[in-house]
Amino acid sequence: MTGNAPQTGRRNGSSPAVRALVGLAIVAALTAALFLAVPGDFYMWAKAIHVIAVIAWMAGMLYLPRLFVYHADAPAGSQQSETFKVMERRLLRAIINPAMTVTWVFGLWLAWQGFGFQGGWLHAKIALVLAMSGVHGYLSASVRRFAEDRNEKPARHWRIVNEVPTVLMIAIVILVVVKPF
Ligand code: HEM
């Protein structure tokens, strides 16, 4: 790995998981400060944090399978393949995992505080978010398989997988904004 820092995954001295934990600690501190400073408006602040986390989670969920499309065609052991491994691991640990955690924590709090977990749209939304979390789990396991050069799925498979979070995201946003039932 001489002169090729991205392959180490620790170029800036801290791992993606450590940076994710620092990020989560900052969100927790910010949340506590907001709760004390603006208790009357806290619901709207919580919703803002929820939407910011959703955007980060979705950005990662759309980008990761896109990386797999190209990684699937890179020969095992090649420079290209090793670079994809680092990109995938960092994206998963530094962005996707913490963003999903924050989305769930704030989403559940909003659902309890704002709606007492009542409403057809909310139940349907939670069901679709569970499906999204299942896709997350599948992508997470796939990062491991790619890291061990065990991926056997062709690029076409990853192109199709790439569409699943998009479709779920569209349905989830319509449910929560329009609340059709
Ligand atoms: C466990 C997961 C989740 C739960 C329980 C949840 C629940 C909620 C609740 C109760 C609200 C407040 C609605 C309101 O005040 O009218 C909200 C807002 C929102 N959620 Fe989620 N959510 C979750 C995940 C997601 C995901 C995965 C997405 C997108 C892909 C998403 C997108 C949004 C958006 C865009 C808003 C703002 C809607 C508005 O202000 O009109 N949520 N969520």
Side-chain angles (χ1 to χ4, degrees), residues 16-17 19-70 87-146 153 157-181:
R19 262 177 279 158
L21 279 177
V22 171
L24 285 175
I26 291 171
V27 172
L30 180 70
T31 304
L34 281 168
F35 191 73
L36 294 173
V38 285
D41 282 342
F42 186 71
Y43 185 88
M44 297 313 283
W45 281 100
K47 189 149 71 165
I49 295 171
H50 176 68
V51 172
I52 292 164
V54 161
I55 290 169
W57 187 22
M58 289 306 106
M61 292 288 286
L62 299 177
Y63 188 38
L64 189 54
R66 199 71 224 161
L67 287 175
F68 292 162
V69 169
Y70 301 117
M87 293 169 76
E88 288 154 5
R89 195 184 67 234
R90 285 185 180 175
L91 184 63
L92 181 70
R93 295 204 187 153
I95 308 278
I96 302 181
N97 286 346
M100 182 186 75
T101 307
V102 174
T103 299
W104 266 100
V105 169
F106 281 84
L108 289 174
W109 186 83
L110 290 166
W112 167 64
Q113 186 68 22
F115 302 90
F117 285 109
Q118 298 302 309
W121 66 272
L122 181 57
H123 300 155
K125 178 181 174 178
I126 291 175
L128 293 185
V129 180
L130 280 171
M132 184 81 82
S133 303
V135 177
H136 180 133
Y138 176 65
L139 295 181
S140 176
S142 305
V143 166
R144 245 188 337 269
R145 269 192 295 275
F146 270 106
K153 307 272 193 241
H157 169 83
W158 297 114
R159 274 184 219 284
I160 295 166
V161 169
N162 207 2
E163 302 307 327
V164 180
T166 312
V167 172
L168 287 173
M169 185 254 298
I170 291 168
I172 289 169
V173 170
I174 291 172
L175 281 169
V176 69
V177 174
V178 181
K179 299 186 178 62
F181 47 86

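The model shown is predicted, which means the values in this text are computed figures rather than measured ones. All heavy atoms count here, side chains included; hydrogens, waters and symmetry mates do not. Counting convention: from 1, in listed order, for ligands and their atoms alike.
With ligand atoms numbered from 1 in the order given, ligand 1 contributes 26 (C), 28 (C), 29 (C), 30 (C), 31 (C) to contacts under 4.0 Å with heavy atoms of I172. Atoms of ligand 1 found under 4.0 Å from any heavy atom of W57 (numbered from 1 in listed order, with element): 27 (C). Close approach of ligand 1 to M169 is summarised as follows: ligand atoms under 4.0 Å from at least one heavy atom of the residue are 30 (C).
Within a 6.0 Å sphere centred on CZ of F42, heavy atoms belonging to other residues, nucleotides or ligands number more than 12. No more than 12 heavy-atom neighbours from other residues, nucleotides or ligands sit within 6.0 angstrom of CH2 on W45. In this structure, F35 places its CZ atom where only 12 or fewer heavy-atom neighbours from other residues, nucleotides or ligands lie under 6.0 Å away.
In terms of protein heavy-atom proximity, atom 41 (O) of ligand 1 is nearest to V177 CG2, 4.0 Å. For atom 40 (O) of ligand 1, the closest non-hydrogen atom on the protein side is K47 NZ, 3.0 Å. The single protein non-hydrogen atom nearest to atom 34 (C) of ligand 1 is V176 CG1, 3.7 Å, given as residue, atom name and distance. Taking atom 29 (C) of ligand 1 as the reference point, the nearest protein heavy-atom neighbour is V54 CG1, 3.2 Å. Closest to atom 24 (C) of ligand 1 among all protein heavy atoms lies H50 CE1, 3.5 Å. For atom 11 (C) of ligand 1, the closest non-hydrogen atom on the protein side is L110 CD1, 3.8 Å. The closest protein non-hydrogen atom to atom 37 (C) of ligand 1 is V51 CG2, 3.8 Å. Nearest protein heavy-atom contact of atom 3 (C) of ligand 1 is G107 CA, 4.0 Å.
Residue contacts with ligand 1: Y43 is included, with a non-hydrogen atom under 4.0 Å away. Residue G114 places no heavy atom under 4.0 Å from ligand 1.
If you check the side chains of W104 and S133, you find a donor sitting under 3.5 Å from an acceptor.
Here the straight-line distance linking atom CG of N97 with atom CH2 of W57 works out to 10.5 Å at 0.5 Å rounding. Note that the NZ atom of K153 and the CZ atom of F68 stand 12.5 Å from one another [nearest 0.5 Å]. Interatomic distance, R89 CZ to F146 CZ, rounded to the nearest 0.5 Å: 15.5 Å. Taking CG from L139 and CG from L92, the interatomic distance works out to 8.5 Å, rounded to the nearest 0.5 Å.
Between K179 and ligand 1, at least one pair of N/O atoms sits closer than 3.5 Å.
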### Stepwise side-chain contact (heavy atoms from CB on, under 4.5 Å) test for F115 and L110
CA-CA 7 Å; F115 302 90; L110 290 166; 5.9 Å; no
### Message
Test side-chain contact (heavy atoms from CB on, under 4.5 Å) on M61 and M100; report intermediate values, then the result.
### Response
CA-CA 10 Å; M61 292 288 286; M100 182 186 75; over 6 Å; no
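Between V129 and K125 the shortest side-chain heavy-atom distance falls below 4.5 Å.
Under 4.0 Å from ligand 1, the heavy atoms of V129 that appear belong solely to its side chain. Contacts between T103 and ligand 1 below 4.0 angstrom, taking non-hydrogen atoms only, involve the side chain exclusively.
Taking backbone and side-chain atoms together, K125 has an N/O/S atom less than 2.8 Å away from atom 21 (Fe) of ligand 1.
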